[in-house]
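Chain letters run A, B, ... following the sequence lines, proteins first, then strands; residues in each count from 1.
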There are 2 protein chains.
Amino acid sequence: MKKYFVLNGTILYLCRVEQNKQEMAGRPKTYDEDTALDEAVRVFWEKGYTNASADDLLKAMGIGKGSFYLAFRGGKQELFEKSMKRVVEQNFTELRNAVATCEDPVQLIRDFFLGLTGTQSPIGNKGCYFGNALVQISESDAGLKLLASQYLKVLESIFEEAMQRGKEKGLLKSELAPPVLASYLINLWNGINVTRRMEQNSDRLTELLKLNLAVIE
Amino acid sequence: MKKYFVLNGTILYLCRVEQNKQEMAGRPKTYDEDTALDEAVRVFWEKGYTNASADDLLKAMGIGKGSFYLAFRGGKQELFEKSMKRVVEQNFTELRNAVATCEDPVQLIRDFFLGLTGTQSPIGNKGCYFGNALVQISESDAGLKLLASQYLKVLESIFEEAMQRGKEKGLLKSELAPPVLASYLINLWNGINVTRRMEQNSDRLTELLKLNLAVIE
DNA sequence: TCAATATTGTACTATTTGGTACAAAATAAG
DNA sequence: CTTATTTTGTACCAAATAGTACAATATTGA
């Protein structure tokens, strides 16, 4: 089964198409691609795209150069491309399902934001994987930046869906249209992920979030 | 004459203390330090901290290694430190004076934000010098990141001053305290500088800004 | 067992990088 | 002119970096 978004005419697959791991001849891989990808994500997220060297990545992934350049001929760029896809799969899909099925999608979004300031937040001080990419990656990697912005727009579309459902259910006072609210929310997302790096005080961050979330009361 | 902010017990000088360029013995410099610094700012802003190599910087500054490491013993880090100071001097000081003296400081801030979306904006797509630094610089350069966040707080304090004056002059409907509004505005600043990299449509950006600026109506 | 195939590890290379050392050059003061 | 001082340009260096080549290895299927 395929799951995907169509966004601006581009198809963005969110869930891996199940590959029947057909038994094939040849030496078997010693590593699991998804597990290795998760490690790469961790390194990229912690160090940033540019600061993460091929060496850092290979060590974390636990594979050698031979395996790496076989699996990712495009090197670091291709790895990052796949790592972004992985982050979307692991983080957005779940959120999107929740938005589509929960009782109160507006409250879900509120909790999504308010959960950021807690110390146990999985995102921590690392910021948004895609927002970081937009700021860290050089202009010469325009393709990667474009992908990152497309994925951010996927998040925006999830916000929009939540607002749409919230409106249908009468859970939103705001007169503003869902796309406008979604644009407000993605900007809040982008902002808070930078602001939290300058403002350590989590009470003040929470205050700031509550003030912003007043628009979706 | 000195100009400085005191922020969290740290003194941040904004204007260079006039140095009586006393004639001293020795071969004279072939370059102007501030001009070279401006070129370094340009490179850092365009390429990002990590992507800017010493070579890129030296070429842009028009000086050789000998001169560079004499003037900036700390290498790239020290150069960036001084470049941040320069950006503050050139951008914040003027804004702060305007806030302190203009008729309508609230309108000034509105224009400050709305001016961002125009194609002729000096900032363009490069984002905020300090926000970029917070996202681009690795954890191992904690000192630089701290400085960047302090400078962002200077901007926040300018917003606060504007709100304070606006309130005194009866130009603000909002009941919110100036520090709260300032925190809202610095987060908007951080957000919009990322969002504009994913949202090219300047009309939508303007809409987004206007919606956000409603809080200081 | 053997052929075909896919993966791995290592050795190697070329380039970039950040930085040092130091002699030559240009100035002021005596 | 000489000395002290400061800046400059170049040559050099060691480490990091990205990437290639290829033989060895481990598997499937005939």
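Counting heavy atoms from C-beta on, the side chains of B:Ile137 and B:Asn132 never come closer than 4.5 Å.
Between the CG atom of B:Asp32 and the P atom of D:dT8 there is a distance of 12 Å, given to the nearest Å. One interatomic measurement links the two molecules: OH of A:Tyr31 to P of C:dG9, which rounds to 10 Å at whole-angstrom precision. Between B:Met61 atom CE and D:dT8 atom P the separation is 11 Å, expressed in whole Å. Rounded to whole Å, atom C1' of D:dA18 lies 14 Å from atom CG of A:Leu79. As a whole-Å value, the separation of A:Ile63 CD1 from D:dA18 C1' is 15 Å. Protein atom CG of A:Leu70 is 19 Å distant from nucleotide atom P of D:dA18, rounded to whole Å. We find that CG of A:Leu57 is positioned 15 Å from C1' of D:dA16, with the value rounded to whole Å.
Heavy atoms of A:Phe72 sit nowhere under 4.0 angstrom from any nucleic acid atom.
When A:Phe130, A:Phe44, A:Tyr151, A:Phe72 are each tested for a ring-ring contact (aromatic ring centres under 6.0 Å, His included) with A:Phe80, only one passes: A:Phe44.
Checking side-chain atoms of B:Gln136 against main-chain N and O of A:Val135 turns up a donor-acceptor pair under 3.5 Å. With hydrogens and angles disregarded, a donor-acceptor distance shorter than 3.5 Å links the side chain of B:Arg110 to the backbone of B:Ile216.
Looking at residues two or more places apart in sequence or on another chain, you find a side chain to side chain donor-acceptor pair (under 3.5 Å) between B:Asp56 and B:Lys47, B:Ser53. Applying the side chain to side chain donor-acceptor pair (under 3.5 Å) rule to A:Arg42 yields the partners A:Glu39; only residues at least two apart in sequence or on another chain are considered. Shown here are the side chain to side chain donor-acceptor pair (under 3.5 Å) partners of A:Thr30, two or more places apart in sequence or in another chain: there are none.
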Under 3.5 Å between N/O atoms: give me all the protein pairs with nucleotides 24-26 of chain C, atom names plus distance.
residue : atom : partner : partner atom : Å
C:dA25  : O4'  : B:Arg27 : NH1          : 3.4
C:dA26  : N3   : B:Arg27 : N            : 3.2

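In this structure, A:Ser67 does not reach the C:dT7 phosphate: none of its side-chain N or O atoms is under 4.0 Å from OP1 or OP2.
Contacts classified as salt bridge (Lys or Arg N to Asp or Glu O under 4.0 Å) and involving residues 182-200 of chain B (residues at least two apart or in different chains) are given here: B:Glu199-B:Arg204.
Centroid-to-centroid, the aromatic rings of A:Phe159 and A:Phe113 come within less than 6.0 Å.
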Take nucleotides 13-23 of chain C nucleotide by nucleotide from the 5' end and write B, S or -, depending on whether a protein heavy atom sits under 4.0 Å from the base, only from the sugar-phosphate, or from neither. ----SBBB---

